[in-house]
There are 2 protein chains.
Amino acid sequence: MRQGLPPSSGSSPTLEDVARAAGVSRATVSRVINGIRNVDPAIQETVRRAIAATGYVPNRAARSLVTRRTGTVALVVSGAGGGSQDDPFPSQVFTDPFFGRVAGGIVGFLRPRGIHPVLMFAETAETRAQVLTYLRQGDADGALLVSTHAEDPLPALLAEAKLPAVLFARPARAIPISYVDVDHRAGAKLAADHLVAQGRRRIATISGPLDVPASQARLAGFQDAMAAHGHPYIPCAEGGFTYHSGEAAMERLLAEHPDLDGVFVANDLMAQGALLVLRHHGRAVPGDVAVVGFDDSSAATACRPPLTTVRHPVEDMAAEMARLLLEHIDQPGRPPTSVIFEPALVVRASA
Amino acid sequence: MRQGLPPSSGSSPTLEDVARAAGVSRATVSRVINGIRNVDPAIQETVRRAIAATGYVPNRAARSLVTRRTGTVALVVSGAGGGSQDDPFPSQVFTDPFFGRVAGGIVGFLRPRGIHPVLMFAETAETRAQVLTYLRQGDADGALLVSTHAEDPLPALLAEAKLPAVLFARPARAIPISYVDVDHRAGAKLAADHLVAQGRRRIATISGPLDVPASQARLAGFQDAMAAHGHPYIPCAEGGFTYHSGEAAMERLLAEHPDLDGVFVANDLMAQGALLVLRHHGRAVPGDVAVVGFDDSSAATACRPPLTTVRHPVEDMAAEMARLLLEHIDQPGRPPTSVIFEPALVVRASA
DNA sequence: GTGAAAGCGCTAACAT
DNA sequence: ATGTTAGCGCTTTCAC
């Protein structure tokens with residue numbers, strides 16, 4: 001072995017060190033690192049070796065100072081909980097297993113590319129302004145946004161400021177901004193077809209909050225599909241995507257339609273609540289009542305019985321969101337794009 | 001005197017612009033911004049006005065380049081799920097509502113200070129190395145670490161590298177590193193005292209995974225407290241902190257001790273599972289069996305009946321974790337510190 | 001194809 | 001108490 005004393009000192013090696021080790025100029029090393037053509041293959045090899053030998057890693061700050069790019073994106077959870085001034089702690093949002101899946105999908109895509117998201121919550125006007133400032137200053141190159149309710153003003157603000165951004169789910173009002181979403185109507189149709197195929201005839205549904213586009217689409221898709229099966233009217237109780245709201249909605253449905261034999265619930269969390277209420281009222285699932293959920297979240301397998309549900313490919317969608325954002329960052333002019341994913345039915349015991 | 005036209009161009013204003021507007025040098029503006037003494041109050045005022053007028057905001061990259069500080073910390077979720085090479089998506093971890101509370105507490109503390117955590121997962125040797133590199137390069141000034149299992153090697157690696165870091169929960173093996181934790185023994189004692197005060201006499205417990213210090217402490221604390229009440233032996237079934245493991249453990253307990261009338265479950269998620277099994281076996285809660293959980297998580301109120309539980313002040317602990325980290329970053333020499341929080345009993349319907 | 005040199009915006013000696 | 005100046009490590013014209 002040889003001496004190889006790495007550039008010694010306490011500080012980490014710089015371009016200069018690598019250049020010296022390779023016997024070339026800083027510029028050449030920089031070119032190799034940034035994959036710019038016009039570098040002699042032989043020299044390229046020498047430089048690569050020198051990089052390995054010195055253990056060189058580019059300094060972000062220095063690079064960022066000149067390129068005006070940070071190589072960082074913001075992951076913004078917006079429209080989170082209460083958000084009163086006196087509550088120092090943001091976000092019950094995170095509590096929803098859904099968010100974890102989004103984060104996982106995003107990190108799964110970004111990490112191999114050496115980029116790590118900065119986590120931000122934006123539940124008040126003040127914190128939304130903070131997010132905008134952060135992006136405008138160029139502390140991050142763009143934003144991935146997960147809104148928790150329909151009236152979130154952040155998407156519009158982002159679009160207005162022409163900042164690179166991608167949303168999870170279509171915004172309630174049309175806004176020129178990119179997003180990924182799942183085909184909610186198609187998912188609801190899968191549920192409808194399955195319930196009918198199981199021989200169910202007195203079918204009802206528990207919807208999500210109807211000011212959210214996703215809820216509207218799931219409900220409309222379900223109604224349309226059922227109509228096509230000869231069921232023009234479907235009893236519906238509106239929920240709020242929470243466990244408790246699912247219980248309450250199921251109680252209402254049961255009170256008005258004690259003879260129902262199938263129910264499509266707009267998400268798994270509510271379905272979990274519905275299941276408990278059904279059991280409480282002595283209805284066997286799926287014997288007396290078949291239940292189909294939506295999301296294929298962890299709740300689906302935690303249920304008793306395990307839930308037949310519509311799979312929402314959240315991780316893939318989140319990864320695509322990240323991909324789209326990088327695209328927008330690379331090509332600032334690019335018009336907004338949306339990518340819609342196909343759901344799939346996952347059959348378990350509940351229907 | 002003045003040009004009137006705000007720094008004009010498309011780019012954002014720099015120190016230079018502010019200096020010109022205020023009629024002073026860059027250095028003076030810098031001093032005002034960084035709150036360094038020895039600046040004439042009158043000039044300070046002028047400068048502040050100029051800053052406001054120009055809408056100046058410091059450039060992170062430039063500052064970071066010279067200070068060797070990023071004003072960024074990493075939030076690392078370590079020892080996450082499967083982590084096989086072929087699974088591109090990290091972390092089922094996030095799925096646990098617990099993590100959301102930690103993130104909320106951290107952001108609550110950091111955000112007012114203008115700092116936002118970078119989210120990282122570290123479930124494999126490779127990703128752990130990535131975290132270390134990230135910190136060593138100075139892309140973040142320190143790390144906040146939430147480990148999900150006992151054998152996580154990252155805390156030791158961090159300590160070895162002498163990187164500023166704070167853990168949530170005491171590490172399984174003693175390591176010279178700072179952490180925050182709750183007094184698990186005291187919490188378990190609260191549960192024991194309460195069950196005994198309710199007149200329960202045939203009491204059992206469901207513990208967490210016994211390789212985790214927190215589980216050991218909760219179990220030992222419970223046993224000791226019960227011993228003090230004259231119950232030297234307490235039946236115990238080990239769980240894994242998951243819903244399903246709670247169900248399984250409760251089944252085992254019931255099989256061996258069908259006459260039990262009280263149970264302390266080491267976390268709410270398992271308690272939720274236990275509750276379901278008890279109901280399934282026809283035991284009324286709290287009529288036949290009293291149940292006390294641990295954490296006061298969202299699961300506690302989602303249960304039927306709502307869970308009496310030991311409150312784990314997760315958000316406060318997370319905030320303290322962030323505070324400690326900033327302290328370590330400011331004073332590199334500082335020896336590791338640990339801060340232990342007191343739990344409290346929250347009485348609801350289950351016991 | 002490669003090197004020299006000019007900054008990016010800021011802080012921190014060092015002068016004054 | 002304030003101004004001058006020298007970089008921090010990198011990319012990027014511009015010559016060669």
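Letters A, B, ... mirror the listed sequences (proteins, then strands); counts begin at 1. Just the heavy atoms: all of them, side chains too, but no hydrogens, waters or symmetry mates, feed the values below.
Side-chain contact between B:Pro164 and B:Leu325 is present, with at least one heavy-atom pair separated by less than 4.5 Å. With a 4.5 Å cut-off on side-chain heavy atoms, A:Leu15 and A:Ser30 count as touching. Counting only heavy atoms from C-beta outward, the side chains of A:Val29 and A:Tyr56 never approach each other to under 4.5 Å. Side-chain contact check for B:Val76 versus B:Leu154: some heavy-atom pair is nearer than 4.5 Å. Residues B:Val57 and A:Arg136 fail the side-chain proximity criterion, which asks for heavy atoms closer than 4.5 Å. Looking only at side-chain heavy atoms (C-beta outward), B:Leu167 and B:Ser147 stay at 4.5 Å or farther from each other. With contacts defined as side-chain heavy-atom distances shorter than 4.5 Å, the pair A:Leu145/A:Asp152 qualifies.
Under the 6.0 Å distance and 45° angle rule, A:Arg113 counts as a cation-pi partner of A:Phe109.
Salt bridge status for B:Arg170 with B:Asp181: absent, with no side-chain N to carboxylate O gap under 4.0 Å.
Annotation: of the two residues near DNA chain C, B:Val57 and A:Ile43, the 5′-most nearest-nucleotide partner is A:Ile43. Both B:Val66 and B:Pro41 lie close to DNA chain D; mapped to their nearest nucleotides by heavy-atom distance, the more 5′-ward contact belongs to B:Pro41.
Atom CZ of B:Arg69 and atom P of D:dC8 are 19 Å apart (whole Å). Here D:dT4 presents its C1' atom at 15 Å from CG of B:Leu15, a figure rounded to the nearest Å. When the P atom of D:dG9 is taken as reference, atom CD1 of A:Ile33 falls 14 Å away, rounded to whole Å. Between A:Glu16 atom CD and D:dC8 atom P the separation is 10 Å, expressed in whole Å. Put simply, CG on A:Leu65 is 12 Å from P on D:dT12, counting in whole angstrom units. B:Asn59 places its CG atom 17 Å from the P atom of D:dC10, with the value rounded to the nearest Å. Computed from coordinates, the A:Arg68 CZ to D:dG9 P distance equals 19 Å when rounded to whole Å.
Axis angle across the helix from C:dG1-D:dC16 to C:dT16-D:dA1, with five pairs used at each end and values rounded to 10°: 40°.
Side chain of A:Thr127 to main chain of A:Glu123: a donor-acceptor pair is present (N/O by atom type, distance under 3.5 Å, no hydrogens or angles). The backbone N or O of B:Thr70 lies less than 3.5 Å from a partner atom in the side chain of B:Asp141, making a donor-acceptor pair.
Residue A:Arg63 places at least one side-chain N or O closer than 4.0 Å to OP1 or OP2 of D:dT11.
A donor-acceptor contact closer than 3.5 angstrom is absent between the side chains of B:His116 and B:Thr72.
With distances taken from any side-chain atom of A:Asn34 to the nucleotides D:dG7, D:dT2, D:dT11, the minimum falls on D:dT11.
Using a 4.0 Å cut-off on heavy atoms, the residues of residues 24-31 of chain A that approach DNA chain C are A:Val24, A:Ser25, A:Arg26, A:Ala27, A:Thr28, A:Arg31, listed by number.
At a threshold of 4.0 angstrom between heavy atoms, the contacts of B:Asn38 include nucleobase atoms, whether or not backbone atoms are also involved.
Of all nucleotides in DNA chain C having an atom under 4.0 Å from a heavy atom of chain B, the first and last in 5' to 3' order are C:dG9 to C:dA13.
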